[in-house]
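Everything below concerns the one structure shown next.
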Amino acid sequence: MSFLVLVPTKRVPDTDGVIRVVPGELDVDTSHLSFVINPFDAIAVEEALRLRERRDDVEVVVVGIGGEAYEDELRTALAMGADRAIRVDAAEPLDPWNVAGILAELARRLGPRLVLMGKQAVDDDSAQTGQFLAAQLGWPQATFASRIDDSEHGAEVARETDYGIETLSVTWPAVITADLRLNEPRYASLPGILAARGKPIEEMSLEELGIEIEPRVELVGLQQVSSQRTGRRLENVTELLQCLRENTELF
Amino acid sequence: MADALPETSDVVVVGGGVAGLSTAMQLASRGTSVTVLERERLGNGSTGRAAGLLGQLRGSPAATRMLMDGVEIVTELEERADVEIFVQTGSLRVAQTDERAGEIRDLVEMGRGIGFDIDHLPVDEVSELLPYMRTDDLIDACYCPTDGHLQPAELVAAYLKLGRESGVVYHPGCPVRGLDITENRVRGVITDHGTISTDVVINAAGPWSYLVAGLVDTPLQTAALGHVYLTTRPDDGHPVDRLSPAIRDRHLRIYSRPESGGLIVGMYGADAVQHDMASLPDDFDMSSLTVRADDLHVALLIDATKRRFSWIDERTPMTITRGIMTFSPDGKPFCGRRPDIEGLFHCSGFCGHGIVQSPAIGVIMAELVLDGRTGYDIEAIQADRFFEHPELQDRPDIEAACYQMHAGYYGRIEDGDGSVVEQTGGDGPTA
């Protein structure tokens with residue numbers, strides 16, 4: 001039996017895009033935005049591919065939960081080298097508990113030894129799904145991984161904390177979430193891109209999975225934060241101190 | 001914007017990239033009042049993303065002279081602004097087919113004919129010079145010790161420093177909305193922050209320059225085409241010396257130069273993204289052009305790169321730089337005035353070679369504006385050379401011609417005087 005690695009990926013606006021809130025609505029204007037795989041999830045995809053390069057029995061399955069548009073990003077993951085892609089058809093947005101519920105059901109059906117995912121998505125920064133998933137499955141978890149040393153029975157996972165590098169040992173099956181410094185994701189190769197074009201993306205519905213969405217978190221407000229910074233040139237330190245006195249509470 | 005726009009200016013330069021900044025500096029140094037209007041930030045368009053490769057030996061003696069003089073101008077800039085701009089690494093062209101070897105023979109012959117330092121380099125010496133490059137498939141190479149690259153950021157800094165000293169006024173964040181033309185003469189430039197009266201406008205808006213020309217309903221034969229290059233990180237296993245020669249491999253359609261201990265590799269492929277500049281917002285920042293992990297042009301670039309540098313592949317830690325080049329139908333820029341509108345000059349269409357052409361182009365533009373003529377041979381780069389060309393007046397025709405030029409930029413095979421012997425459209429890594 002192969003060592004199946006499940007890599008949930010979220011589709012998020014390109015981090016270099018300008019995010020504008022639609023006034024009066026609980027949504028951002030997506031008309032001008034381009035989308036990418038959540039960068040932390042891309043790191044998880046890369047780590048899964050490296051795991052497959054280290055051991056010969058690994059199968060990498062990427063998952064996206066959302067509408068048809070998710071297929072672009074799943075195809076990107078296939079082009080990078082993932083073996084299979086599954087899209088669970090669902091209306092967005094979903095809160096982390098429900099996403100974890102869907103992933104838990106998928107995990108029960110597919111039987112992965114490892115669920116490897118980003119530590120958080122860069123659009124809502126919840127950083128909860130991996131932890132919820134481990135709890136729902138009753139699996140060990142190692143979050144914010146900056147290094148993964150795998151073995152036959154589990155992995156040693158390094159996490160960068162404020163106090164130093166913490167090393168955890170988990171046994172398979174496990175949930176591991178990826179931090180920024182785990183790796184640097186590859187670009188797809190030319191053969192990879194061509195191969196991905198022909199690969200099917202498997203589709204599943206929430207009904208098939210027997211899942212009913214029960215929202216636990218309600219979004220009640222979304223407000224544009226101004227990122228405009230104005231600067232001006234000051235002549236000397238006296239002016240600087242004056243400026244700090246007037247505009248800050250430092251003195 | 002820090003200060004109000006001046007009410008009048010002898011010359012208004014539209015575009016704060018190297019072409020506009022060099023021209024402004026040269027004009028001001030001759031006592032002209034100059035205002036530079038830049039849509040976004042100075043030096044942050046194509047200039048800010050350029051690799052800056054300087055290969056002085058071009059298809060014609062006139063183009064070669066311009067680049068050689070440019071090095072002298074840069075040397076002076078370096079002294080006056082106290083920055084290092086020119087990194088003289090030398091450059092190498094490699095050939096793995098008979099056609100490319102023939103090109104190198106012609107190039108060496110032409111170079112020697114005009115006293116340029118260039119010679120064939122035996123392949124075993126190539127591998128000594130560039131231990132990180134694959135050479136077993138090469139049949140010939142030529143080496144120019146005086147080539148290298150210009151560092152774009154330092155060049156911009158020097159243009160700005162010396163321009164400011166001569167009184168150039170810079171206005172970033174100030175898109176141009178219209179040109180005031182009366183009786184076929186330029187009278188002023190219209191912006192959101194007011195109108196500047198002027199008799200001379202220099203259109204140095206790079207990829208946007210065709211839109212500036214369009215403000216007065218005239219065509220400019222340029223198109224905005226995407227370009228990507230990669231920069232590897234320093235790698236102890238494959239050290240790249242700071243002074244390793246630049247490389248041009250026209251068969252694989254790639255160029256390369258050292259960068260901060262890693263390697264820049266870029267590609268003029270058979271295909272390019274065509275950008276509609278009009279659809280971009282006023283504050284479009286070219287550095288926000290990001291790259292998907294499965295971008296086809298990047299995959300083609302990496303595929304070609306690993307054929308020459310076998311230690312690089314899609315897993316190699318690297319940065320991809322994406323920018324927009326301004327291409328023309330014949331691969332040459334437009335420098336000079338339009339015959340139908342007095343006072344409107346173009347300075348655009350540098351086809352990915354704007355950094356290295358900018359030093360001499362600034363001198364040429366200043367001479368054209370102030371003296372009405374220049375000592376340089378500018379026949380090939382006249383702004384009006386397609387003025388009455390019936391097939392290059394409409395955007396779709398112009399764009400198709402520019403795209404075609406780009407597709408053959410490295411792919412075509414030239415003889416000694418730069419004319420095309422054969423177009424090898426499919427020749428390259430994808431063939």
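These numbers come from a predicted model, not from an experiment. Naming convention: chains lettered A, B, ... in sequence-line order (proteins, then strands); numbering from 1 in each chain.
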Could you tell me which of A/D14, A/N183, A/V36 has the largest number of non-hydrogen atom pairs under 4.5 Å with chain B?
->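 Looking at each option in turn, the highest pair count goes to A/D14.
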
Discussion item. Heavy-atom count check: over 12 atoms from other residues, nucleotides or ligands less than 6.0 Å from B/D82 CG?
Written reply: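 Open.
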
Margin query: Just checking A/R54: does its CZ atom have more than 12 heavy atoms from other residues, nucleotides or ligands closer to it than 6.0 angstrom?
Written below: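 Above 12, so yes.
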
TODO: Give, for atom CG of B/L300 and atom OG of A/S189, the distance between the pair rounded to the nearest 0.5 Å.
DONE: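 Between atom CG of B/L300 and atom OG of A/S189 there are 11.0 Å.
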
Rounded to the nearest 0.5 Å, what's the gap from CG on A/L190 to NZ on B/K306? Could you check?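 NZ of B/K306 is found 8.0 Å from CG of A/L190.
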
Bottom line for A/A79: the part with an atom under 4.5 Å from chain B's heavy atoms is side chain

Applying a strict 4.5 Å limit to non-hydrogen atoms, the region of A/R75 in contact with chain B is backbone

Looking only at B/D295, B/I320, B/V298, B/T316, the option with the highest number of non-hydrogen pairs under 4.5 Å against chain A is B/I320

Do B/L230 and A/Y187 make a side-chain contact, defined as non-hydrogen atoms from C-beta onward lying under 4.5 Å apart?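 No, too far: nothing below the 4.5 Å cut-off.
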
**Study point:** Within-4.5 Å side-chain heavy-atom neighbours: A/E73 and B/R292
**Key:**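 Of all side-chain heavy-atom pairs linking B/R292 with A/E73, at least one is under 4.5 Å.
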
query: Quick one: what part of B/L289 sits under 4.5 Å from any heavy atom of chain A, side chain, backbone, both or neither?
result: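 Contact with chain A is absent: no heavy atom of B/L289 under 4.5 Å.
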
Compare every heavy atom of [Y] with every heavy atom of [X], then report the nearest pair and how far apart it is.
X	Y	answer
A/E184	B/R233	OE1-NH1, 2.7 Å
B/A293	A/R186	CB-O, 4.1 Å
B/A299	A/I193	CB-CD1, 3.4 Å

